[in-house]
Amino acid sequence: GAGVSQSPSNKVTEKGKDVELRCDPISGHTALYWYRQRLGQGLEFLIYFQGNSAPDKSGLPSDRFSAERTGESVSTLTIQRTQQEDSAVYLCASRGLDPFRGTEAFFGQGTRLTVV
Amino acid sequence: GENVEQHPSTLSVQEGDSAVIKCTYSDSASNYFPWYKQELGKRPQLIIDIRSNVGEKKDQRIAVTLNKTAKHFSLHITETQPEDSAVYFCAASIRRGSTLGRLYFGRGTQLTVWP
């Protein structure tokens, strides 16, 4: 695709349920990032994948959060036993080496998660 | 790890005036510094970036300056317009060959341009 695609766009879930968020990066991008953005707040780092290296999981707030990426393709962020404080927009971004665009990171439109 | 500080957190200017947002970073190995603009309800988008081998870069009304010695970089917007109103994020990253490092973001600056 032309850009980073995230699904679903919106997700409403009941407290205690598990959710899975998906990110389709730009083809060929080796780096992929997940961020959380609460209303009116900044970009909170969650996890970063670079090629086949071990991911940097240092931003995951608890063991309820996990993420996977297969090679340089799709990534999924899973939140188990959701809590109300998990409500936020979850943003995915990907980066690659482009002779014209350099190493710009492109963001997806985000998944707005609401835990009720 | 890297720590990026951004100031001010809010900035209000009159249309036509200039706006300056400043960021500092802690890791001297950082060599890539992008700036992102996020309009309300939208995704962040790159507006300008600079590499550590350059001291200044300009694109129309937007410029970025980098001081590697002091480890700080700044965004300058001249002749501001109401459509410049948004949240601006600075970031720092380390690129080593084909390895694109983690992006460390500042906390953001809410810029409001009054007509």
Side-chain angles (χ1 to χ4, degrees), chain A residues 2-6 9-10 23 25-26 28-60 67 72 88-112, chain B residues 1-10 21 23 25 27 30-54 57 59 64 85-112:
Chain A
V4 179
S5 178
Q6 291 186 245
S9 298
N10 284 282
C23 173
I26 292 172
H29 277 195
T30 57
L32 187 146
Y33 311 80
W34 283 98
Y35 294 90
R36 178 168 71 179
Q37 189 171 36
R38 292 197 168 104
L39 189 63
Q41 302 298 308
L43 300 168
E44 179 187 359
F45 169 75
L46 296 177
I47 189 168
Y48 149 63
F49 297 89
Q50 168 65 59
N52 295 317
S53 302
D56 177 350
K57 303 180 180 181
S58 60
L60 295 177
E72 295 181 356
V89 174
Y90 289 81
L91 288 162
C92 172
S94 72
R95 287 173 80 192
L97 295 173
D98 186 300
F100 301 103
R101 302 299 295 269
T103 61
E104 175 180 351
F106 293 86
F107 282 84
Q109 82 281 15
T111 293
R112 182 176 299 279
Chain B
E2 174 68 280
N3 182 44
V4 177
E5 301 279 347
Q6 182 171 349
H7 299 280
S9 56
T10 61
I21 303 170
C23 289
Y25 60 100
D27 191 342
S30 289
N31 55 11
Y32 175 68
F33 307 92
W35 285 89
Y36 282 80
K37 175 183 180 182
Q38 186 178 31
E39 296 177 352
L40 190 63
K42 297 191 176 180
R43 73 189 79 183
Q45 291 194 298
L46 181 78
I47 54 170
I48 195 167
D49 57 10
I50 191 168
R51 297 180 185 178
S52 59
N53 58 348
V54 175
K57 185 176 178 181
D59 182 4
V64 57
S85 296
V87 178
Y88 291 81
F89 293 99
C90 65
S93 183
I94 300 172
R95 176 188 166 185
R96 292 194 176 98
S98 62
T99 298
L100 303 172
R102 179 177 152 180
L103 280 168
Y104 294 82
F105 282 91
R107 289 180 173 271
T109 296
Q110 172 68 62
L111 172 65
T112 303

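Computed from heavy atoms alone, side chains included, the values below leave out hydrogens, waters and symmetry copies. Naming: A, B, ... by sequence-line order, numbering from 1 per chain.
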Closest non-hydrogen atom pair, B:S98 against A:T30: O-OG1, 4.4 Å
Proximity breakdown for B:Q45 and chain A, heavy-atom pairs closer than 4.5 Å: neither
Nearest-0.5 Å distance, CZ of residue A:F45 to CZ of residue B:F105: 11.0 Å
A:L91, part contacting chain B, at a heavy-atom distance under 4.5 Å: side chain
Under 4.5 Å from any heavy atom of chain B - which part of A:F107: both
Per-residue contact mode, A:A31 against chain B (heavy atom under 4.5 angstrom): side chain
Ring-face cation of B:R102 near A:Y33 (centre distance under 6.0 Å, axis angle within 45°): no
Interface residue of largest heavy-atom contact number with chain B, from A:G42, A:G108, A:G96, under 4.5 Å: A:G108
From CG (A:L97) to OG1 (B:T99), nearest 0.5 Å: 9.0 Å
Chain B-proximal positions within residues 46-57 of chain A [heavy-atom distance under 4.5 Å]: A:Y48, A:Q50, A:D56
Any B:L46 side-chain heavy atom under 4.5 Å of A:F106 side chain: no
Structural part of B:P34 lying under 4.5 Å from a heavy atom of chain A: neither
Nearest heavy-atom neighbours spanning A:V4 and B:R43: O-NH1, 3.9 Å
Closest heavy-atom pair and its distance - B:S93, A:R95: OG-NH1, 3.2 Å
Most contacts with chain B, counted as non-hydrogen pairs under 4.5 angstrom, among A:Q41, A:E104, A:R112, A:E44: A:E104
B:L103 to A:A105 - nearest heavy-atom pair and separation: CD1-CB, 3.6 Å
Chain B contact via A:Q37 - which portion, at a heavy-atom distance below 4.5 Å: side chain
Among the listed options B:R51, B:R107, B:Q38, B:Q110, the residue most often paired with chain A at heavy-atom distances under 4.5 Å: B:Q38
